[in-house]
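Structure first, commentary second.
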Amino acid sequence: MILLKIALRSLNSRRVTVTLIVFSIALSVGLFLGVEKVRTGARASFANTISNTDLIMGARSGGVQLLLYSVFRVGNATNNVSWQSYQDIAERREVEWIVPMSLGDSHRGFRVMGTTGEYFDRYKYRDGRGLSFENGDRFADLFDAVLGADVAAQLGSKVGDPIVIAHGLASFTKHNDKPFQVSGILEKTGTPVDRTVLISLKGIEAIHVDWRRGSKVPGWTVSVERVRRMELKPKAITAAMIGVKSRLKIFSLQRAINDYDEEPLLAILPGVALQELWEIVGVAEIALIGVSAMVVATSLLGMAAMIFSGLNERRREMAILRAVGAGPSTILWMLMLEAAILAVLGAALGLVLLYTGLWLARPYVDMAFGLYLPIDAPTIREFYFLFGVVVAGGLVSIAPALRAYGISVGDGMTIKN
Amino acid sequence: MERSKGTPDDRVHQAASKPAIELTGVTFKWRGGVGFELKVPEFTVGTEEKVLLLGESGSGKSTLLSLICGVATPSIGDVTVHGTDLSRLSRRRRDRFRADNIGVIFQQFNLLPYATPLENILLPLRFSPQRRARIDAPREEALRLARVLGLADQLVAGSLASELSVGQQQRVAVARAMIGQPPLIVADEPTSALDASAQASFLDLLFHQTSEAKSTLVMVSHDERLGVNFDRVIDLGTIVRAQTEGAA
């Protein structure tokens with residue numbers, strides 16, 4: 001025990017360098033664990049975004065692309081699904097429920113999605129949780145809009161406020177002749193729904209009645225009153241979520257949609273598409289893990305360098321220990337013990353940095369990326385990593401420890417400085 | 001050559017037949033065999049004898065002490081300490097032997113500066129269970145030794161070694177060498193960093209303690225005035241032949 005005590009005393013006497021080294025290890029450990037947390041957090045958040053939906057249908061493109069634009073509101077659809085095709089599919093026997101989604105407009109940076117009231121019943125996330133309202137109710141009127149939690153929070157909107165929807169995603173053209181009114185605000189879900197403005201499918205049609213091919217027809221304005229009297233029938237939708245009556249029918253329905261003759265369509269199983277997405281993202285993840293592992297290695301090498309450079313000044317210490325009966329191997333163990341202590345301190349401080357960092361960054365990350373990072377106890381995997389850092393710290397210190405061994409054999413009890 | 005002045009009790013009689021230190025036909029070379037070479041044809045120190053070795057630096061005193069302490073091993077010849085032939089021991093056993101049997105005092109910088117004097121005094125016990133076993137309560141024994149050497153408990157337990165004056169540090173070094181009563185004390189110019197008055201009182205303490213513990217004392221110095229109270233004063237030049245090959 002006195003060896004440990006001596007090592008601690010010795011470290012304490014060099015606390016400036018020691019603190020710097022411990023910090024560099026802590027930062028690297030914190031970075032590595034942080035990357036790990038973000039990575040697993042992102043995966044979990046993606047995986048939790050859609051649940052209880054058997055198939056997603058859209059125009060034929062890539063499975064990942066369809067998943068991204070329909071569920072995650074990332075990217076755009078290359079094509080639409082005609083209303084006719086949608087109805088053909090909806091009428092099939094296998095279909096228990098189907099909810100259309102119409103994307104393409106925005107409200108101050110937030111995507112606007114046209115759908116039916118059934119969306120609020122059918123959309124499930126995180127093991128089957130459903131949407132609930134914090135305030136107000138789902139859209140009833142043609143010009144009603146429901147806001148996701150983040151939209152409401154960021155814009156400070158309340159139920160009853162008017163909103164004007166812009167055409168396209170980053171556009172200066174606004175549907176300002178047909179303002180909407182907030183009818184309800186959803187509770188926070190941690191999914192892209194938080195960042196979406198939901199209106200009825202008919203509402204989407206209504207604001208586009210006087211538009212043709214993506215731009216307003218000059219000199220032709222249909223008034224709100226007239227629109228209300230019109231029979232609004234959607235011409236096309238972007239995608240649809242489908243629930244199947246029997247799980248056994250999922251694949252046959254998927255095949256039927258993919259083989260649909262009238263229009264090229266694509267149906268995907270969300271889980272399978274998610275898996276494909278991981279395969280793509282996996283490469284970047286590995287790169288990220290690799291880089292942060294390098295940072296850890298660098299900090300440990302820095303520690304070895306520090307121990308190395310300190311050896312000459314510590315010859316007296318070694319001679320004293322030799323004189324009282326320490327063998328060169330004791331000197332070797334003491335240096336390795338020292339390195340292990342530094343690594344332990346670095347790892348522990350790294351954990352502290354990680355959790356402080358998570359705690360500080362969470363609101364920002366949530367706001368900016370819609371990624372809710374969970375703050376929970378370190379996993380077994382992370383403990384293995386921390387253990388690995390300590391072991392690696394001991395291992396890299398073998399080189400300076402061997403050098404110290406050599407010095408103490410050469411110097412013996414003679415103090416050379 | 002022997003003229004032991006110790007009290008003729010049993011231990012001395014027994015030890016008289018078994019000298020504390022015995023070097024015969026020793027040749028020491030640095031590894032590789034080039035450069036420095038040191039020969040000690042014969043050198044014996046009796047048990048409980050107090051011997052002063054006189055020699056300037058460069059006369060091979062450090063090497064001689066390293067040989068006695070088992071830190072260095074001769075290329076030829078035997079070094080026997082208290083009946084144990086050090087050259088027959090493995091390096092590990094020699095380290096252990098040193099921990100058990102020898103207390104070492106350096107010229108200066110004896111202590112781990114970042115530890116308390118008390119921790120410094122207790123240090124040898126970590127490496128020698130044998131010395132540890134001779135003491136019931138290490139902490140109390142360390143404080144007692146320090147007190148005898150004129151160091152207050154508060155200073156010994158409550159400050160860092162680096163905060164002590166040189167004289168105080170040297171006395172802590174004596175306490176460390178003496179703890180657990182090792183049979184041999186080796187001191188390398190322990191007084192050279194002290195002023196004249198401090199030297200005398202330091203030597204008194206050292207003598208008193210070694211006599212009380214019935215330890216043998218081998219001290220090296222370049223100052224022959226210190227020789228008054230020693231049993232024997234030996235000029236290093238008469239027992240050691242050091243030569244530097246090539247350089248001379």
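Chain letters run A, B, ... following the sequence lines, proteins first and then strands; every chain starts at 1. Just so we're clear, the structure is a prediction, and the values are computed from it rather than from any experiment.
- Contact detail for B/A99 and A/G325: the closest heavy-atom pair is CB-CA, 3.7 Å.
- Taking CD from A/E317 and OH from B/Y114, the interatomic distance works out to 3.0 Å, rounded to the nearest 0.5 Å.
- Considering every non-hydrogen atom in both A/K5 and B/E119, the closest pair reads CE-OE2, 3.0 Å.
- Here the CG atom belonging to B/L160 is positioned 9.0 Å from the OG atom belonging to A/S13, to the nearest 0.5 angstrom.
- Around the CZ atom of B/R134, the shell of radius 6.0 Å holds more than 12 heavy atoms that belong to other residues, nucleotides or ligands.
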Working for side-chain contact (heavy atoms from CB on, under 4.5 Å), residues B/L123 and A/I6: CA-CA 9 Å; B/L123 203 51; A/I6 291 175; 3.1 Å; yes
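- B/R91 places no side-chain N or O within donor-acceptor distance of the main-chain N or O of A/G327, the cut-off being under 3.5 Å.
- One distance of note links CG of B/L112 with CE of A/M318; it measures 12.0 Å at 0.5 Å rounding.
- Looking at B/R176, the atoms closer than 4.5 Å to chain A (heavy atoms on both sides) all sit in the side chain, from C-beta outward.
- Annotation for A/W278: atom CH2 counts as buried by contact number, over 12 foreign heavy atoms lying within 6.0 Å.
- Separating the CG atom in B/N120 from the CZ atom in A/R9 is a distance of 9.5 Å, to the nearest 0.5 Å.
- Between A/A323 and B/F106, the shortest heavy-atom distance links the atoms CB-CZ, 3.6 Å.
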